[in-house]
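Worksheet: the structure to be examined is printed underneath.
We name chains A, B, ... by the order of the sequence lines, and we start the count at 1 in each one.
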There are 2 protein chains.
Amino acid sequence: MQKGGAVMAATLQTIADELGVSRSTVSNAYSRPDQLSPDLRARILATAERLGYSGPNPTARSLRRGKVNAIGVLLTDNLSMAFTDPYAVAYLRGLAEAASARETSLLLINLPTDEAAGRRVVSNAAVDAFCLYCVPDWHGALELVRQRGVPIVIGEDPNAFGPDASYVGIDERAAARRLGEHIVNLGHRDIAIVAHWIVDGGVTGEVSADPDALRYYVTGERVRGFRDAFTGAGLPWDRVRLINAAANHREEGAAGAAHALDRHDRATAILCTSDVLALGVLDALRVRGLTPGRDVSVTGFDDIPDAEVHGLTTIRQPSVERGRLAGELLLDPPEDPAGRRLTLPVSLVVRATTGPNSTKEQS
Amino acid sequence: MQKGGAVMAATLQTIADELGVSRSTVSNAYSRPDQLSPDLRARILATAERLGYSGPNPTARSLRRGKVNAIGVLLTDNLSMAFTDPYAVAYLRGLAEAASARETSLLLINLPTDEAAGRRVVSNAAVDAFCLYCVPDWHGALELVRQRGVPIVIGEDPNAFGPDASYVGIDERAAARRLGEHIVNLGHRDIAIVAHWIVDGGVTGEVSADPDALRYYVTGERVRGFRDAFTGAGLPWDRVRLINAAANHREEGAAGAAHALDRHDRATAILCTSDVLALGVLDALRVRGLTPGRDVSVTGFDDIPDAEVHGLTTIRQPSVERGRLAGELLLDPPEDPAGRRLTLPVSLVVRATTGPNSTKEQS
DNA sequence: TTGAAAGCGATACCAA
DNA sequence: TTGGTATCGCTTTCAA
C-alpha cells in the first residue's frame, strides 16, 4: 500500500498483504519462530527483506508489551558530573552491566535546570524504571518521576521517595564522622571543608550555612558527619570553615582550597566531600609548595583509582558494585521489601595526605 | 474502570470518563494548554492528580508521534571503553550536550558479543537515530542498524554505511603518518606498535597481521598510516613489531609494552593507537627505570587531559566538539548532503615522551 | 472551546 | 500451524 505516490514505510501489514497471510503470522515470524513452519517463516523473512521492512517497530512493540527494556538515569544538568567523576563513571558502569545482562539499555536523561523543560523531558522518557543518583534533590521534576509509577532506585537520601523506592547507599554521615575523627585525632583544630552543593549556584568560596539545613542530602550528611566528629571532641563548630565548590571538579577543588590556604590563619586540614575535589586541593598545595600530610592534611571521599596514586586518605565505598546492585534491584526486585534497601559497608583508607598537626596551636 | 478488583493504572480515558469530557480534551490539557479553557484544564489536572494519573504514557505518545526523543549509542561489549577512555567520555559528553539542547536523551546500548542477542537489543531500541562510535565494525547486528532506516552518524569508517549516513571523523591514516614520521625523523628504527583490536579476542601480545587486512577500521588506518611513514623513509615494515592489546585500557598498554621492552633487541620507540594505551606504556617504562623520550620514545593518540600531564607526544583531535557535531548532524541535518560529512582537523602535539634515538644502530 | 473518529504498529489470546 | 479480533494509550485532523 502506498499513499500519494510516496513510498510508505513497510509494516507488518505490508508483508502480510503481500503474502496473503495474517499479521499475526508475520509477527510470529519475528517474535515466536516456533509458532509457524520454517518454510513460511523463511518466505516471510525473504519478503520483508525485499520490501525493506526493518522489523517490528520497537515503539509499537513496547506499547503493546508494556515494557521498553530501558532504565532511565537522571543526570545533573550538563552531564558534567556523570562523565567526569571517576566514581560516578564506575557506578554507571555497574548499572549498565546489570542492565545489559537483562538486555536492557540505559536512557541517559539530562535534567535541564529549567523546571518546565525538566518536566517535559521526564514525562517523555520511555523507561521501565528510574535510577536516581547525583541528582539535585530539590528539582521539581523529581516529583514527576515518582508520579510515573515505575520502580525507582535511589542512591542518596534513603527517604527521598518513600519506602516503595529501592535504595542502595551507604551511611554517609557515619562515614564522614570517621574521617573527621581521624583528623581530630591527629590534632588538627584549624579545619576547612570543601564541598559541592553546600549552596546552589555557581560560587566557589567560603559560605556560612547551617549543616542541618543543607538542601543536597549527600553533602548535608557528610558535613553533619564531620561536625559529629568535631563536636564529639569538644571542637567548636563555628571554628570550621565551609567552602562551597561550584562543581564537583578538580579545578573547583583547587579554587576552593585557595580560600583555606591563602590567609594568615591557614587551615591545617581540609576535608573534601569527594576525591575529585581533594585532588584539586592537592594541586593547590603543590602550587604553593606545601606538602600534603605534613603542612596540610587533606581527605577525600570515594576512593577512586587516582586516590591511591596520590596517596589520598579517603573513605572507600563500593562503586561498580553499587551500580550493579541498583540495576539488579530494579530489574529483579527481591520479594522481601527489606531486601530492597541496601546499606553498603565503607572503610577508612589512611594514606599519606593526612598526618599530625605540626603547627603550634594558634588560639 | 477497574478490572477484577485490581486497580488499573489510570489513563487519559479514566480522566475523561471521570469528568465527562473526551480524551482529546484531556490530551490537550497536557500537550496543548492553549486549546482549552484554563478552568477546564485546571479541573482536568486536579482530577488527574487525584486519580494518580502519571501523565501521558511516553511510549504511546511516541508511537503516535513517530518520534521518541532519543539517540541510540551503540557501545562495545561491557561498556568498558565508553566509560573508561577519557576521549570517549568527552565525545559522549558532546553528543549528550547536542541532544539535551533538543530535549533528546541518549540510549546507551550495550551490544553483546553474541550475535543473536545483539540483534535483539538493536531491534528493541526505540530511538530516532543511531550514533556509531567505537563499535566493532564486523558485528552482524550493525546490518540491522542500517535496516532500521533511521538516520545514522558514524565516527570511524566513512564508508561503512554508505553515503546516506552522516560522518564526523578525522583522517586517521594521515594523522598516524604524522606521528610515524616524527618518530622516524628522530632516528628510530626499532619500533613497536601497541594497538587495540589488531586481532579480535582477548590476547595481549605480539601478533603478525597484514595491515591491509585488519578488521577494525580505526586501528587499520592508524597502522597503515604508521607504515606509510616507515616505508616512506625506507624502513622495512617487517622490522616493526605489532602488539595487540586485549582492551583499550591502561593496564593492557603496560602489559603490551612488556613485549617490546623485555627482550634483547628492545624497541626504542613505541607507538600506541590511543593515549590510554600510551599511559600504560609509560607505566611500564617507569617500573623498569626507563626514561620516556630518552631511553624509549612513546606516542599516543587523542590528546586526553592526562596526556599533557605526562608530557605525552600525541595527535590532538576534537573530542567534545566531535560528539556535539555528531549530535547536531543527527538532529538538525543540513540540507546539503556534503555538509553531513565532516572531516575534522588534527594536530601533532610534540611533548617530552619522544626524543632522538640514543642507542646505536643494531643491524 | 470541545468532541468524534481514525489511526500509530504491533502482540496475544483463542478459535479454527 | 494459521488467522480473527481486541486491545495497548495517545494524538490529531475535522466538525460541531
Side-chain angles (χ1 to χ4, degrees), chain A residues 1 3-4 8-44 48 51-69 120 123-128 148-150, chain B residues 1 3-4 8-44 48 51-69 120 123-128 148-150:
Chain A
M1 258 205 243
K3 201 167 35 183
M8 286 189 40
T11 72
L12 268 192
Q13 187 71 255
T14 320
I15 314 298
D17 290 349
E18 179 79 12
L19 275 139
V21 299
S22 80
R23 327 208 262 290
S24 327
T25 303
V26 180
S27 174
N28 283 335
Y30 285 94
S31 309
R32 323 187 134 181
D34 51 313
Q35 296 295 300
L36 71 178
S37 64
D39 177 50
L40 178 55
R41 172 155 196 262
R43 270 169 44 229
I44 291 178
L51 265 41
Y53 176 57
S54 28
N57 176 315
T59 307
R61 167 179 274 179
S62 295
L63 174 59
R64 185 59 238 238
R65 289 188 172 159
K67 190 162 181 303
V68 298
N69 285 291
R120 237 176 296 136
S123 35
N124 278 327
V127 299
D128 301 316
R148 283 286 301 272
V150 300
Chain B
M1 258 206 239
K3 203 173 26 187
M8 288 189 39
T11 73
L12 268 191
Q13 188 70 256
T14 318
I15 315 297
D17 290 349
E18 179 79 12
L19 275 126
V21 299
S22 80
R23 342 206 253 290
S24 328
T25 303
V26 180
S27 174
N28 283 335
Y30 284 95
S31 308
R32 323 187 135 182
D34 52 313
Q35 296 295 300
L36 73 177
S37 64
D39 177 51
L40 178 55
R41 173 155 195 262
R43 270 170 42 228
I44 290 177
L51 266 42
Y53 176 57
S54 28
N57 175 313
T59 307
R61 168 178 273 179
S62 296
L63 175 59
R64 183 61 235 239
R65 289 187 171 158
K67 190 163 181 302
V68 297
N69 286 292
R120 238 176 295 136
S123 33
N124 278 326
V127 298
D128 301 317
R148 283 286 301 273
V150 299

Give a yes/no answer on whether the side chain of A:S22 brings an N or O atom under 4.0 Å of OP1 or OP2 in D:dG4. no
Can you give me the closest heavy-atom contact between A:A48 and A:Y30, atom names plus distance? CB-OH, 3.2 Å
Given the structure, check if the side chain of A:T59 and the base of C:dG9 hold any donor-acceptor pair shorter than 3.5 Å. no
Whole-Å distance, A:D34 CG to D:dT1 C1', equals 11 Å
Starting from P on C:dG9, measure out to NZ on B:K67 and report it in whole angstrom. 16 Å
Side-chain contact test, heavy atoms from C-beta onward, threshold under 4.5 Å: evaluate it for B:T25 versus B:S22 and give yes or no. yes
Let me know the distance between CZ of A:R61 and C1' of C:dG9, rounded to the nearest Å. 11 Å
Whole angstrom value for the distance that separates P of C:dG9 from CZ of B:R148: 13 Å
Options C:dT2, C:dG7, C:dA10, nucleotide nearest the side-chain atoms of B:S37: C:dT2
Non-hydrogen atoms of A:L51 and A:A10 that approach each other most closely: O-CB, 4.0 Å
DNA chain C: 5'-proximal contact among B:A60 and B:G20 (nearest heavy atom): B:G20
Please tell me which of the listed nucleotides, D:dT2, D:dT11, C:dT11, lies nearest to the side chain of A:L40? D:dT2
A:S27 side-chain N/O to C:dT11 phosphate OP1/OP2 under 4.0 Å: yes
Hey, are B:R61 and B:S31 close enough side-chain-wise for a donor-acceptor pair under 3.5 Å? yes
Report which part of the nucleic acid B:R32 touches: base, sugar-phosphate, or nothing (heavy-atom distance under 4.0 Å, all strands). sugar-phosphate
Under 4.0 Å between any heavy atoms, over every strand shown, what does A:Y53 touch: base, sugar-phosphate, or nothing? Just pick one. sugar-phosphate
Which part of the nucleic acid, if any, lies within reach of B:S62 when heavy atoms closer than 4.0 Å are counted: base, sugar-phosphate only, or nothing? nothing
Heavy-atom closest pair, residues B:P58 and A:A125: CG-O, 3.4 Å
Whole angstrom value for the distance that separates P of C:dG3 from CD of B:Q13: 12 Å
Whole-Å distance, A:N28 CG to C:dT11 C1', equals 9 Å
Nearest to the side chain of A:R65, which nucleotide is it out of C:dA12, D:dT5, D:dG4? C:dA12
Heavy atoms from C-beta onward define the side chain here; which of C:dA10, D:dT11, C:dG3 lies closest to that of B:S31? D:dT11
Atom pair distance, as rounded to whole Å: CG in A:L36 and C1' in C:dA12: 15 Å
Could you say whether B:L12 or A:R23 is positioned toward the 5' end of DNA chain D, judged by the nucleotide with the nearest heavy atom to each? A:R23
Can you say whether a donor on the side chain of B:S24 sits under 3.5 Å from an acceptor on the base of D:dT12, or the other way round? yes
Shortest non-hydrogen contact from B:S54 toward A:R148: CB-CA, 3.6 Å
Atom pair distance, as rounded to whole Å: CG in B:L63 and C1' in C:dT11: 13 Å
